[in-house]
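Note sheet for the following structure.
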Amino acid sequence: YIVFENYFNQKLFLVDTTGADEGNLEVIIKDGYDTLKAQLLKREKRKFEIGFMCERNMKHEIQVIFNGIQITGIRKKFPSN
């Protein structure tokens with residue numbers, strides 16, 4: 001599952017892979033114009049805290065790919081403070 005948090009222009013979300021097999025996690029973030037740099041901020045057990053800088057107040061598409069399988073339907077509108 002994914003949990004979102006806002007800290008001014010830095011947006012954070014948590015990807016929890018508890019219950020899944022070991023594997024490779026990829027994250028791609030797009031704001032409609034650009035692909036944004038995702039940063040792995042914290043990792044403990046099977047939980048990954050990922051952050052990125054938000055510059056536009058619009059829906060962002062966050063692609064989460066685990067072991068080559070894309071998790072679909074993740075869209076979030078982030079206000080750019």
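Model, not experiment: these values are computed from the prediction.
Taking Ile28 as the reference, Lys30, Thr35, Gln63, Ile65 meet the side chain to side chain contact (heavy atoms under 4.5 Å, CB included) condition, with sequence neighbours excluded. Evaluation of the side chain to side chain donor-acceptor pair (under 3.5 Å) rule for Arg46 yields Glu22 as partners, not counting sequence neighbours. The side chain to side chain contact (heavy atoms under 4.5 Å, CB included) test applied to Asp21 returns no partner, not counting sequence neighbours.
Between Lys11 and Leu36, the closest side-chain pair of non-hydrogen atoms is not below 4.5 Å. Looking at Val27 and Phe48, their side chains never come closer than 4.5 Å, going by heavy atoms from C-beta outward.
Formation of a donor-acceptor pair under 3.5 Å by the Asn67 side chain with backbone atoms of Asn24 is found in this model.
Here the CG atom belonging to Leu12 is positioned 5.0 Å from the CD atom belonging to Glu49, to the nearest 0.5 angstrom. Atoms CD1 and NE2, on Ile29 and His60 in that order, are 8.0 Å from each other to the nearest 0.5 Å. Rounded to the nearest 0.5 angstrom, Phe52 CZ and Gln10 CD are separated by 9.5 Å.
Ala20 approaches Phe66 most closely through the heavy-atom pair CB-CE2, 3.7 Å.
Connection of Ile71 to Ile62 is established within a shared hydrophobic cluster, with ILVMFWY side chains joined at heavy-atom distances below 4.5 Å, either directly or through further cluster members.
Judged as a salt bridge (Lys or Arg N to Asp or Glu O under 4.0 Å), the pairs with a partner in residues 31-40 (not counting sequence neighbours) are, in order, Asp31-Arg56, Asp34-Arg56.
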